[in-house]
Amino acid sequence: MIRVALTVLVAVALLAAATPALEDARASTTAERLDAETDRVERVIGAFVAGSVSVSDPALAAQTSVTVRAPSGFGAAPIDRLALVETAATAEAERTSTDVGEASVALRYRIDGGPERTVPIAPGGVGATVAIDSGAVALRPGGESRLRLRLVDDGEPTVRIARVG
């Protein structure tokens, strides 16, 4: 009886010691998976721009969709907030009418009450800017969100992003 009690106590102590490491691993895994989603969206935008021509009428613009999957389940930490946002560089460029020169859209998220993290969406070498149709686009923190991409000509080729589902 004493051996069983000691075995249970040791098991509980080991679990208590390992829990912080498990939480850190879940948060790291979630951040890595969100970074991978950002890379995938960049690749989709690059392929879309490479195979399309921008037009000034948004109704006639080439469009495609992409699904953003937020990690969920046992191996993922809970995500408090997940959204596509315009970066400060975009607001500053619009205010001063200068070229942005860096990513104008980013994926912003917060994992389990921690600090907000921002991952820029900067598809390199595509010759088009990326913009959000109407303010920040809230994404589902525990599932899939479908985004519509349209290639319009706003003085220069621009990929406009909006949430569809």
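Cluster partners of V53: none. The rule joins Ile, Leu, Val, Met, Phe, Trp and Tyr whenever side-chain heavy atoms lie under 4.5 Å apart, and it links nothing here. Its side chain within the 4.5 Å cluster rule, I2 clusters with L6 among the Ile, Leu, Val, Met, Phe, Trp and Tyr residues. Clustering of Ile, Leu, Val, Met, Phe, Trp and Tyr by side-chain heavy atoms under 4.5 Å joins L60 with V55. When hydrophobic side chains of Ile, Leu, Val, Met, Phe, Trp and Tyr are connected at separations under 4.5 Å, M1 ends up as a singleton with no cluster partners.
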Side-chain donor-acceptor contacts of residues 114-122 below 3.5 Å, not counting sequence neighbours, with atom names and distances?
{"unit_1": "E116", "atom_1": "OE2", "unit_2": "R81", "atom_2": "NH1", "d": "2.9"}
{"unit_1": "T118", "atom_1": "OG1", "unit_2": "R108", "atom_2": "NE", "d": "3.2"}

Atom pairs and distances, side-chain donor-acceptor, residues 61-79, under 3.5 Å, sequence neighbours left out:
{"unit_1": "R69", "atom_1": "NE", "unit_2": "E144", "atom_2": "OE2", "d": "3.1"}

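Going from atom CG of L147 over to atom CG of L139 covers 6.0 Å, rounded to the nearest 0.5 Å. Annotation: the span from L107 atom CG to T38 atom OG1 amounts to 4.5 Å, rounded to 0.5 Å. Here L151 contributes atom CG and T158 contributes atom OG1; the two are 8.0 Å apart, rounded to the nearest 0.5 Å. For the atom pair CG of D133 and CZ of R150, the computed distance is 4.5 Å after rounding to the nearest 0.5 Å. Considering CG of L34 and OG1 of T29, their distance stands at 11.0 Å, rounded to 0.5 Å.
Note: the hydrophobic cluster containing I132 does not contain V152 (ILVMFWY, side chain heavy atoms under 4.5 Å, direct or indirect links). No continuous path of ILVMFWY side-chain contacts below 4.5 Å connects V130 to V85, so the two sit in separate hydrophobic clusters.
Within the structure, side chain to side chain donor-acceptor pair (under 3.5 Å) contacts touching residues 5-17 (residues at least two apart or in different chains) do not occur.
Taking all atoms of both residues into account, the shortest heavy-atom contact from F48 to L149 is CZ-O, 3.8 Å. Of all non-hydrogen atoms in D80 and I111, the two that sit nearest each other are OD2-C, 4.3 Å.
Remark: E37 pairs with R40 by the salt bridge (Lys or Arg N to Asp or Glu O under 4.0 Å) rule, at least two apart or across chains. Taking A36 as the reference, nothing meets the side chain to side chain contact (heavy atoms under 4.5 Å, CB included) condition, with sequence neighbours excluded. Annotation: side chain to side chain donor-acceptor pair (under 3.5 Å) contacts of D153 (sequence neighbours excluded): none. For D154, the salt bridge (Lys or Arg N to Asp or Glu O under 4.0 Å) criterion is met by R160, not counting sequence neighbours. Residues meeting the salt bridge (Lys or Arg N to Asp or Glu O under 4.0 Å) test with R33, sequence neighbours left out: none.
In terms of modelled atom types and a separation under 3.5 Å, the side chain of S145 and the main chain of G143 share no donor-acceptor contact.
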